[in-house]
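Data block below; observations after.
What you see is a predicted model, and the numbers here were worked out from it, not measured in a lab. Below, each value reflects all heavy atoms present in this structure, side chains not excepted, and no hydrogens, waters or symmetry copies. Letters A, B, ... mirror the listed sequences (proteins, then strands); counts begin at 1.
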Protein chains: 2
Amino acid sequence: MANLTMKKTKTTDLSLRSKAFKTTRRRNNEVAAEDYSELIADIIEERGEARVGHIADHLGVSHVTALRTIRRLQEEGYLFTSPHKPVELTAKGKKVAEFSKERHELLLSFFLKLGVPKKVAEVDVEGVEHHISKETLGYIRRFMERC
Amino acid sequence: MANLTMKKTKTTDLSLRSKAFKTTRRRNNEVAAEDYSELIADIIEERGEARVGHIADHLGVSHVTALRTIRRLQEEGYLFTSPHKPVELTAKGKKVAEFSKERHELLLSFFLKLGVPKKVAEVDVEGVEHHISKETLGYIRRFMERC
DNA sequence: AAACAAATGTAGCATTTACTACATTATGCA
DNA sequence: TGCATAATGTAGTAAATGCTACATTTGTTT
Ligand SMILES: [Mn+2]
Ligand SMILES: [Mn+2]
Ligand SMILES: [Mn+2]
Ligand SMILES: [Mn+2]
């Protein structure tokens, strides 16, 4: 009640707030695709191939959890594999990996520029990265350039 | 293989990376407590009491989803309520709400200082805030002071 | 080649968060 | 007071992500 006239109140209005929460939930649904793609590309570069076990080890989850998520990501077209074979990225997965890696590295260097110690920055970036819009990423990029 | 000597390789080593993923998963388990506490405090301040329906509306979820999460948060000691009564915060919930609100506002003003438009910043902050360590928050606070 | 070890896969379970459809309780106004 | 509406609660379902225990497959080493 009150606020029938679209006038701004001192606090965030309901529609902008629910939009923020909804966008956040949508982004959370893309986290696995981004982290797995980025990680798989990285492992392939490091060691030639990415096995379920490597992926699980790097994520710190059981190989069963990794396996199931890998299957879902295959359904969704990010990667492909077959029983007892390494995991490979599709074109879509490679694109996500490349974008995610760039974003990860930009945010990491941004945090480091603020003075955050590397170990702390690495941890924070791993969670933060999925919630930074491309628009915000642009402003961060400009900040890095001019400072 | 290789890397038996603790020497740094050019890429992030396995243990730091899995630690980052693990911390991120732990933080994701605290998101509801933080968002709900912050939101409930806000609604109580705005309208005197927080009803399940208000909370659901602001989050953009069904009232059933809000209800179930409220029950879990009651078990965990963040809030209390009883059937058909408004939701109230415990001391623990109030502490989380206060901290979360301060963090939210600091990050929002940080994003605005970088030039991010308010509507974009609001959305990004809603997701990002849960993944910023207290340590990083300190560096951001210092940045805001000196700029 | 057989045995062993490592990697991968399966079965079964739990938690969190989401929904719709329907039931009940509370509230407000006629 | 009683009815209609709004608010809240319940039932039942689903998806994503986590686990342990056990089974099978693959690769290595005698
Ligand atoms: Mn990440
Ligand atoms: Mn990352
Ligand atoms: Mn939030
Ligand atoms: Mn918030």
Take the protein atom CZ of B:R26 and the nucleotide atom P of D:dG18, then report the distance between them rounded to whole Å.
14 Å
Of A:V52 and B:G60, the one whose closest nucleotide on DNA chain C sits nearer the 5' end is A:V52
Roughly, in whole Å, what's the span from CG in B:N28 to P in C:dT17?
10 Å
Tell me: CG of A:L59 to P of D:dA16, nearest whole Å?
17 Å
With a 4.0 Å cutoff (strictly under), does any side-chain N or O of B:T65 reach OP1 or OP2 of C:dC19?
yes
Does the structure place the NZ or CZ of A:K85 under 6.0 Å from the centre of the six-membered ring of A:F80, at an angle of no more than 45° from the ring's axis?
no
Residue list, ring-ring contact (aromatic ring centres under 6.0 Å, His included) with A:F143, at least two apart or on another chain
A:F110, B:F143
Does the D:dG9 base have a donor-acceptor partner in the side chain of B:H63 within less than 3.5 Å?
yes
note: A:N29, atom CG; D:dA15, atom C1'; distance rounded to Å ~ 9 Å
D:dT24 P sits how many Å from A:L67 CG, rounded?
17 Å
Restricting to non-hydrogen atoms, name the atom on B:A66 and the atom on B:Y36 that form the minimum distance, rounded to 0.1 Å.
CA-OH, 3.6 Å
Between A:K85 (NZ) and D:dT24 (P), how many Å, whole number?
20 Å
Taking only N and O in the side chain of B:R72, is any of them less than 4.0 Å away from OP1 or OP2 of C:dT17?
yes
Atom-to-atom span, NZ of B:K22 to C1' of D:dG18 - whole angstrom:
13 Å
B:E46 side chain to B:H58 side chain, donor-acceptor N/O pair below 3.5 angstrom
no
Whole angstrom is fine here: how far is it from CZ in B:R68 over to P in D:dG12?
13 Å
Could you check which of D:dG9, D:dT20, C:dT17 has an atom nearest any side-chain atom of A:S62?
D:dT20
Report, as yes or no, whether the 6.0 Å neighbourhood of atom CD on B:E30 holds more than 12 heavy atoms from other residues, nucleotides or ligands.
yes
Among the nucleotides C:dT17, D:dT10, D:dC19, whichever has the atom closest to the side chain of B:T69 is C:dT17
Nearest-nucleotide 5' precedence on DNA chain C, A:R51 against A:R25
A:R51
Among the candidates C:dC19, C:dG9, D:dG18, find the nucleotide nearest to the side-chain atoms of A:H84.
C:dG9
